[in-house]
Amino acid sequence: QEQLVETGGGLVQAGGSLRLSCAASGMVLEYYAMAWFRQAPGKEREFVAAMISGGGRAYYHDSVKGRFTIARDDAKKMVHLQMNSLKSEDTALYYCAAKYGALPYDLGGYDTWQPTFTTWGQGTQVTVSS
C-alpha cells in the first residue's frame, strides 16, 4: 500500500526557514515524480514544487522560486522541501504527492498537474507569523 507521511511543519516568523520531509512507503520512489502542494485557508490547493527521479530538473511555482528547494533521496524514500525567507502568504497545509512515471508535461503548465498525482499524504501545517 502506497503511503506518504509529511513532517516538519510548524510556526515560524516571517523571514525564517522550515524543512518539510515526506517519507514514502509501499513504493519504489525512483519510479515516481514527486511534488509538494499547499492549501491556504479559503483557497484551492495549489502546486508548489516538483521533481522527477534521477536528479532531474525541479519545477517551482513562481511565488516560491529562489526561496524553496525540493530535493529527493530515492534510496531513503524521502522527499524534502527546504523553505527559506518565509512569508505570511506561505501559511498553508502542505501536502506531499506522488505520480507514477514522468511529470505530465503534455498537459501544459504546472497548474494543470495536480489531478495526475494519485498518492497524497495527510499534510503538515506551516504557519508564518508576520
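What you are looking at is a predicted structure, and each value in this text was computed from that prediction instead of being measured.
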May I have the step-by-step check of side chain to side chain contact (heavy atoms under 4.5 Å, CB included) for Tyr95 and Arg38, ending in yes or no? CA-CA 6 Å; Tyr95 296 91; Arg38 67 185 180 186; 6.0 Å; no
Got a second to check how far [X]'s [atom1] is from [Y]'s [atom2], nearest 0.5 Å?
X     : Y     : atom1 : atom2 : value
Asp74 : Met27 : CG    : CE    : 10.0 Å
Ser63 : Glu46 : OG    : CD    : 5.5 Å
Lys43 : Glu89 : NZ    : CD    : 8.5 Å

Note, [X] side chain near [Y] side chain (heavy atom, < 4.5 Å):
X      : Y     : value
His80  : Cys22 : no
Ser21  : Met78 : yes
Tyr94  : Met83 : yes
Val79  : Leu29 : yes
Ile70  : Gln82 : no
Leu86  : Leu18 : yes
Asp90  : Phe68 : yes
Gln122 : Val5  : yes

Determine yes or no for a side-chain-to-main-chain donor-acceptor pair under 3.5 angstrom, with [X] supplying the side chain and [Y] the backbone.
X      : Y      : answer
Arg72  : Met51  : yes
Lys99  : Thr118 : no
Asp73  : Lys76  : yes
Thr124 : Gly9   : yes

Taking all heavy atoms of [X] and all of [Y], pick out the closest pair and write down the distance.
X      : Y      : value
Ser17  : Asn84  : OG-OD1, 2.9 Å
Ser130 : Ala14  : CA-CB, 4.2 Å
Phe117 : Leu103 : CZ-CD2, 3.8 Å
Leu4   : Ala98  : CD1-N, 3.8 Å
Leu93  : Gly123 : CD1-C, 3.8 Å

Which class fits the ring pair Phe37 and Trp120: parallel under 30°, tilted 30 to 60°, perpendicular over 60°?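 If you compare the ring of Phe37 with that of Trp120, the planes turn out tilted.
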Mutual orientation of the aromatic rings belonging to Trp113 and Phe47 [parallel < 30°, tilted 30-60°, perpendicular > 60°]: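 Judged by the thresholds at 30° and 60°, the geometry between Trp113 and Phe47 is perpendicular.
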Go through Gln114 and Thr116 one step at a time and tell me if the side chain to side chain contact (heavy atoms under 4.5 Å, CB included) criterion holds. CA-CA 5 Å; Gln114 186 174 163; Thr116 67; over 6 Å; no
Please list all pairs meeting salt bridge (Lys or Arg N to Asp or Glu O under 4.0 Å) that have one or both residues in residues 6-31, counting only residues at least two apart or in different chains.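 The answer is none; no pair qualifies.
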Chi angles and distances behind the side chain to side chain contact (heavy atoms under 4.5 Å, CB included) call for Leu20, Thr7: CA-CA 6 Å; Leu20 305 184; Thr7 57; over 6 Å; no
Evaluate side chain to side chain contact (heavy atoms under 4.5 Å, CB included) for Arg67 paired with Lys87, printing each intermediate quantity in order. CA-CA 10 Å; Arg67 300 189 298 121; Lys87 305 175 181 179; 3.8 Å; yes
Which residues satisfy the side chain to side chain contact (heavy atoms under 4.5 Å, CB included) test with Tyr100, sequence neighbours excluded?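 In terms of side chain to side chain contact (heavy atoms under 4.5 Å, CB included), with neighbours along the sequence ignored, Tyr100 is linked to Tyr31, Tyr32.
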Donor on one side chain, acceptor on other, Gln13 and Ser129, under 3.5 Å: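 Side-chain D/A pair, Gln13 to Ser129: absent.
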